[in-house]
A.B. asks: 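Sending over a structure as structure tokens; questions will come in a sec.
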Amino acid sequence: MPRTPWRRRRSTDSPRPAGRRWAGRLRRGGTIARQALLVRVGRRADSGRAATATRAEVIYTGAEHSRVHGPAAPHLAIPAPVEQPTEVSLLPGEHTTARRLSFALVQGCTLASLALGLTAIFLAMHGDVQLAAAFLVACVAFDGLDGALARKLGVSSPFGAQMDSLADMCSFGLAAPVVVYASLAHSVPTPAAAVACMLVAACAAIRLARFNVSPKDGKFFSGVPTTLVAAVLAVTVLIDLPLPGPVLLGGVALLAFAMVSSFPYVKIARLVRLPAWLWLVPIVGALVDARLTFVLLVAAYLFSGPVLWVRARRV
């Protein structure tokens, strides 16, 4: 029996599949097909509103199509907001001439501390160890001066804090270990001196980074400050303590670990406010034997941290 014309199937060379097969493919691959249809509808701006797509669907499917097949409808893309660069002021507050000069004075003290630290390195490289230690002591003095001036003149700023931290790393984290290495080079094995000095540099970097991101306590330090460790090392080299090389090497390692410890240490500003009669003991001791008094004071300060820590845990 001959087939009816309207029931006749298409030949295999037809450019499009039969209706049922086309519908089946649309259901099976609905995501890609829907994207193609909706993006094609979205491009017809002059043909009116399509019945099968809203503007939100066109934008959504256009984004999906651009992620899979590349950008299809550039005019439908929503531009991202452009953030305008903001200028950061190094000196907060009013920029008067007096405040500018005060700010420059404080930063000049910080740069002077950095320059003195570099000079100590150069002197230690040429063998002038005690002179290099003297420059380190001056470096410690300038480091304390810039902070005091910044607070007194009212020009403290985040920029100044970062400058001070970088200068401390160069002067106390690098210059102090170099001077100590030059002083220990002839009394202990060279590798041991190098390891101890590298330990001081690494602990100083950790201590300064932790100080920058930690909340500040008005009464105690968390660990021995880098400035105080550098001052102790500089004075030790300057007065030439008559101690064996291994003992000095152990003291250097102990100071390095004290910087990164969590023991609370009293700030020097609070020690200065102690009654005057308490200062008679170290003064008399310095007149009798300055070197022994210095060692006892440093040992007492290092030992005070664990004592305060144990006391705080009991409370």
Side-chain angles (χ1 to χ4, degrees), residues 110-111 113-114 116-118 120-121 124 132-133 136-137 139-144 146-147 150 156-184 188 190-237 248-271 298-310 312-313:
T110 304
L111 293 177
S113 175
L114 175 62
L116 290 171
L118 291 175
I121 293 177
L136 269 183
V137 173
C139 181
V140 172
F142 272 93
D143 179 71
D146 64 354
S156 300
S157 64
F159 172 78
Q162 297 301 322
M163 276 285 296
D164 185 70
S165 181
L166 292 173
D168 287 352
M169 184 59 206
C170 294
S171 300
F172 307 140
L174 295 178
V178 170
V179 174
V180 171
Y181 176 80
S183 65
L184 293 176
V188 296
T190 301
V195 170
C197 293
M198 285 189 289
L199 186 63
V200 171
C203 293
I206 296 172
R207 173 69 172 80
L208 291 171
R210 187 181 66 181
F211 179 79
N212 289 342
V213 300
S214 300
K216 306 301 183 290
D217 189 353
K219 297 181 179 180
F220 299 98
F221 290 115
S222 180
V224 181
T226 310
T227 306
L228 186 58
V229 170
V232 171
L233 293 176
V235 174
T236 301
V237 176
L248 292 175
L249 199 62
V252 171
L254 178 62
L255 288 172
F257 286 117
M259 281 191 289
V260 296
S261 68
S262 299
F263 296 138
Y265 286 94
V266 180
K267 291 189 174 182
I268 305 300
R270 296 191 65 194
L271 294 177
V298 172
Y301 188 76
L302 291 177
F303 188 68
S304 67
V307 171
L308 292 175
W309 180 76
V310 171
R313 287 182 64 87

A.B. asks: Atom OG1 of Thr236 and atom CG of Leu248: how far apart are they, to the nearest 0.5 Å?
C.D. replies: 7.5 Å
A.B. asks: So, for Val188 and Ala193, which heavy atoms are closest and what is the spacing to 0.1 Å?
C.D. replies: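 Heavy atoms of Val188 and Ala193 come nearest at CG2-CB, 3.8 Å.
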A.B. asks: Rounded to the nearest 0.5 Å, what's the gap from CG on Leu228 to CZ on Phe172? Could you check?
C.D. replies: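 Output value for this atom pair is 10.5 Å.
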A.B. asks: Considering non-hydrogen atoms only, spot the tightest contact between Leu136 and Ser171 and give its length.
C.D. replies: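 Closest approach of Leu136 to Ser171: CD2-O, 3.7 Å.
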A.B. asks: To the nearest 0.5 Å, what is the distance between CG on Asp146 and CG on Asp164?
C.D. replies: 4.5 Å
A.B. asks: So does Val237 get a backbone contact from the side chain of Ser183, meaning a donor-acceptor N/O pair under 3.5 Å?
C.D. replies: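 No; zero donor-acceptor contacts below 3.5 Å.
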A.B. asks: Are Asn212 and Gln162 close enough that some pair of their side-chain heavy atoms sits under 4.5 Å apart?
C.D. replies: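 Counting from C-beta outward, Asn212 and Gln162 do come under 4.5 Å.
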A.B. asks: Check whether Ser165 reaches the backbone of Ala161 with its side chain - one donor and one acceptor, N or O, closer than 3.5 Å.
C.D. replies: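 Judged by distance alone, no pair lies under 3.5 Å.
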A.B. asks: Using the side chain to side chain contact (heavy atoms under 4.5 Å, CB included) rule, take Met163 and Leu111 through it: C-alpha gap first, then chi angles, then the decisive distance, then the call.
C.D. replies: CA-CA 9 Å; Met163 276 285 296; Leu111 293 177; 3.6 Å; yes
A.B. asks: What distance separates Leu255 CG from Cys203 SG, expressed to the nearest 0.5 Å?
C.D. replies: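 That separation rounds to 10.5 Å.
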A.B. asks: Between Ala150 and Ser156, which heavy-atom pair has the shortest distance, and what is it?
C.D. replies: O-OG, 3.4 Å
A.B. asks: Report the residue from Thr110, Val140, Leu208, Leu174 that forms a side chain to side chain contact (heavy atoms under 4.5 Å, CB included) with Asp168.
C.D. replies: Leu208
A.B. asks: Can you list everything that forms a side chain to side chain contact (heavy atoms under 4.5 Å, CB included) with Val178? Sequence neighbours excluded, please.
C.D. replies: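 For Val178, the residues satisfying side chain to side chain contact (heavy atoms under 4.5 Å, CB included) (neighbours in sequence not counted) are Ile121, Ala124.
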A.B. asks: Which heavy atom in Lys267 sits nearest to a heavy atom in Phe221, and how many Å separate them?
C.D. replies: CG-CE1, 3.4 Å
A.B. asks: Are the side chain of Tyr265 and the backbone of Leu308 linked by a donor-acceptor contact shorter than 3.5 Å?
C.D. replies: no
A.B. asks: Measuring from Ile206:CD1 to Met259:CE, what's the distance to the nearest 0.5 Å?
C.D. replies: 9.0 Å
A.B. asks: The test is side chain to side chain contact (heavy atoms under 4.5 Å, CB included); show your working for Thr190 and Tyr181 and say whether it passes.
C.D. replies: CA-CA 8 Å; Thr190 301; Tyr181 176 80; 3.0 Å; yes
A.B. asks: Set out, in order, the CA-CA distance, both residues' side-chain angles and the distance that settles side chain to side chain contact (heavy atoms under 4.5 Å, CB included) for Val298 and Val232, then state yes or no.
C.D. replies: CA-CA 8 Å; Val298 172; Val232 171; 4.1 Å; yes
A.B. asks: Working to the nearest 0.5 Å, report the span between CZ of Phe142 and CG of Leu114.
C.D. replies: 12.5 Å
A.B. asks: Within the structure provided, determine whether Arg207 and Ser222 are in side-chain contact (heavy-atom separation under 4.5 Å).
C.D. replies: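 In short, these two side chains do not touch, never coming nearer than 4.5 Å.
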A.B. asks: Please report the shortest heavy-atom distance between Pro177 and Cys197, naming the atom on each side.
C.D. replies: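 That closest heavy-atom pairing would be O-SG, 3.2 Å.
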A.B. asks: Decide yes or no for Leu233 and Val179: does some side-chain heavy atom of the first lie under 4.5 Å from some side-chain heavy atom of the second?
C.D. replies: no
A.B. asks: Side chains of Asp143 and Thr227: do they bring a donor and an acceptor to under 3.5 Å?
C.D. replies: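 Checked: Asp143/Thr227 side chains pair up, N/O donor to acceptor below 3.5 Å.
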A.B. asks: Check Ala204 against Gly173 and note the closest heavy-atom contact, atom names and distance.
C.D. replies: CB-CA, 3.8 Å
